[in-house]
Amino acid sequence: SNSGSSAHHGHAGGATDSMSDEEPEFDFSKKKKKKKPAAGAVDPDAGEVESAADDERPAAMQAEGAEEGGEPAAKTASQIKREKQKAAAARKKAEADAVGNTTEAEQKEGAMRAAAAAISWSTDMRGIKAWMSFPAAEKGGMEQTWPPTVPVSKMFPSGNVPMGEQVAYIGDQQYRTTKAELRELERLQNIQYQELRTAAECHRQVRKYMQSIVKPGMLMVDICETLEDLNRTLVEENGLRSGIAFPTGCSLNHVAAHWTPNTGDKTVLQYGDVCKIDFGTHINGRIIDSAWTVHFDPQFDPLAEAVKEATNTGLAAAGIDVRLCDIGAAVQEVMESHEVEIDGKTHTVKSIRNLNGHSIGPYQIHAGKSVPIVKGGESTRMEEGELYAIETFGSTGKGYVREDLECSHYMKNFDVGHVPLRLPKAKQLLSFINKNFDTLAFCRRWIDRAGEEKYLLALRNLCEVGIVQPYPPLCDIKGCYTAQYEHTFILKPTGKEILSRGDDY
């Protein structure tokens, strides 16, 4: 989820220490002289420009490189690109057909496996509670399989998806629980609630499966792609109508948010890592944003527990007319009452003071209000009908993050007007972004997946003119550890619903 930071809102992701010494491919935040590549190293920008120049050459010239013995001429760059795009479209169609073409026998067998998996479900991750079985499909719906393959909407064709955790209002808002006109107002909002609950059920089922398979030794890029492919299936990805709400954050150790591997990244999840898995789903722009901390080493239990307790404190404190600063104060008090001993050294767990929770709007992960996780924030109040992500971050370092490492997360600015573009490639990339993501966040892997090539200069141009905002990884000091837990909730007229709550956290 995009954790709000003082500079930007967003997430961060963790890269290994070895990565952090590399020069980022582009630095969007400040202009600085480009380092000359070391002897024998490849200059990534130079390659981009040269290959772009190749692209511009007439096909006849490109074919000159073909051997003289009657060998066929090499394909032009545009032919290769068209083939890649066709392959991407064929893969999407095959995924959709696979869901629609399961026979009754295969469906029954999958449902039996799901029932068996519910009994034997286990995880190598620490601090995750065991899942119960998947919710039973309604009459006329398809039962979920194991691994999950049935879209949530096929389990609940009527749209009556299981609700999140219902929490009654207390204090001077207690009257809302039974007031008739408020109940009627709530009934009128039912379609919006059903879309949010469908996205939340998808989120739960994706993470239930991922928690059972993620283990040390896996490539981070494989974890992300497995999660995203399952997410696409269960939410029935369909352009801007439903799909993934933002890139899968899997920030490691001192990296708190906004890191996902770029294509070709070889980072491996280690036993001693603290990884924050933060992903989102949406139906018609109604976004569910939830995150948890993956760790395998028992010495990190107190860190994860501190952050989980702080998030639950924030959720409990939230409500209609509650001041945002009061939530921050409550979160910090709980977070910083914890200590953690790592490799024989004791640390107080600190709230990361420039990361925040945030309000969520349609197709807008950060809708304008920030929920602090330290005291002293603004006294703006929460209002009826608002959707929020409460996320808290704890750190054994300074408790402050800054942008670092190679950028992977980008998002089109929500209220950007028409900006004239000179580069034809930038116009083409913007058209691609508008069609596929619009104002939802995206990452470079997703552009690669769609078959786009040689787009980095165009992407840099869109960032420079202010159409697209880069969100580089957000990092505390090297050598420290950061943890995160997050849930999405809505302030309904008669009660608070923690939409993304599951058996796990």
Item to check | Any donor-acceptor N or O pair under 3.5 Å, side chains Lys492, Gln166 | outcome: yes
Checklist entry - Going by atom types alone, do Gln211 and Tyr209 pair a side-chain donor with an acceptor below 3.5 Å? => result no
Checklist entry - Can you tell me if Ser290 and His203 form a side-chain donor-acceptor pair at under 3.5 Å? => result no
Checklist entry - Does the side chain of Thr482 come under 3.5 Å of the side chain of Asp476 through a donor N or O and an acceptor N or O? => result no
Checklist entry - Got a sec, which pairs hit ring-ring contact (aromatic ring centres under 6.0 Å, His included) with one end in residues 161-202, sequence neighbours left out? => result none
Item to check | Pair Glu378 + Lys369, salt bridge at N-O below 4.0 Å | outcome: no
Next on the checklist: Can you classify the ring geometry of His366 versus His358 as parallel (below 30°), tilted (30 to 60°) or perpendicular (above 60°)?
Outcome noted: parallel
Checklist entry - Do Lys496 and Glu165 sit within salt-bridge range, that is, some charged N less than 4.0 Å from a carboxylate O? => result no
Item to check | Evaluation steps, ring pair (Phe, Tyr, Trp, His ring centres under 6.0 Å), between His282 and Tyr363 | outcome: CA-CA 8 Å; His282 83 92; Tyr363 296 101; 5.7 Å; yes
Checklist entry - Hey, are Arg501 and Asn312 close enough side-chain-wise for a donor-acceptor pair under 3.5 Å? => result yes
Checklist entry - Can a salt bridge be assigned to the pair Lys179 and Glu181 using a cut-off of 4.0 Å between side-chain N and carboxylate O? => result yes
Checklist entry - Which is it for Met220 and Val268 under the side chain to side chain contact (heavy atoms under 4.5 Å, CB included) test, yes or no, and what are the steps along the way? => result CA-CA 6 Å; Met220 299 306 295; Val268 170; over 6 Å; no
Checklist entry - Which word best sums up how the rings of Trp131 and Trp121 line up, parallel for under 30°, tilted for 30 to 60°, or perpendicular for over 60°? => result perpendicular
Checklist entry - Do Glu486 and Trp292 have side-chain atoms, one donor and one acceptor, less than 3.5 Å apart? => result no
Checklist entry - Where do Glu186 and Thr494 land on the side chain to side chain donor-acceptor pair (under 3.5 Å) test, with the steps shown first? => result CA-CA 7 Å; Glu186 200 159 293; Thr494 67; 2.6 Å; yes
Next on the checklist: Quick check: Tyr410 with Tyr471 (ring centres under 6.0 Å apart)?
Outcome noted: no
Checklist entry - Under a 4.5 Å cut-off applied to non-hydrogen side-chain atoms, are Leu387 and Leu499 in contact? => result yes
Checklist entry - How about Ser153 and Glu236: does a side-chain donor come under 3.5 Å of a side-chain acceptor? => result yes
Checklist entry - Does the pair Asp503/Lys129 count as a salt bridge with the N-to-O cut at 4.0 Å? => result no
Checklist outcome for this item: What one should report as the nearest heavy-atom pair of Asn356 and Glu391 is O-OE2, 3.4 Å
Next on the checklist: Looking at Ile191, I want to see if its CD1 is surrounded by more than 12 non-hydrogen atoms of other residues, nucleotides or ligands under 6.0 Å.
Outcome noted: no
Checklist entry - Stepwise, does the ring pair (Phe, Tyr, Trp, His ring centres under 6.0 Å) test hold for Phe279 with Phe246? => result CA-CA 7 Å; Phe279 73 99; Phe246 51 82; 7.9 Å; no
Item to check | Ring centers of Tyr505, Tyr485 separated by less than 6.0 Å | outcome: yes
Checklist entry - Are Cys475 and His254 close enough that some pair of their side-chain heavy atoms sits under 4.5 Å apart? => result yes
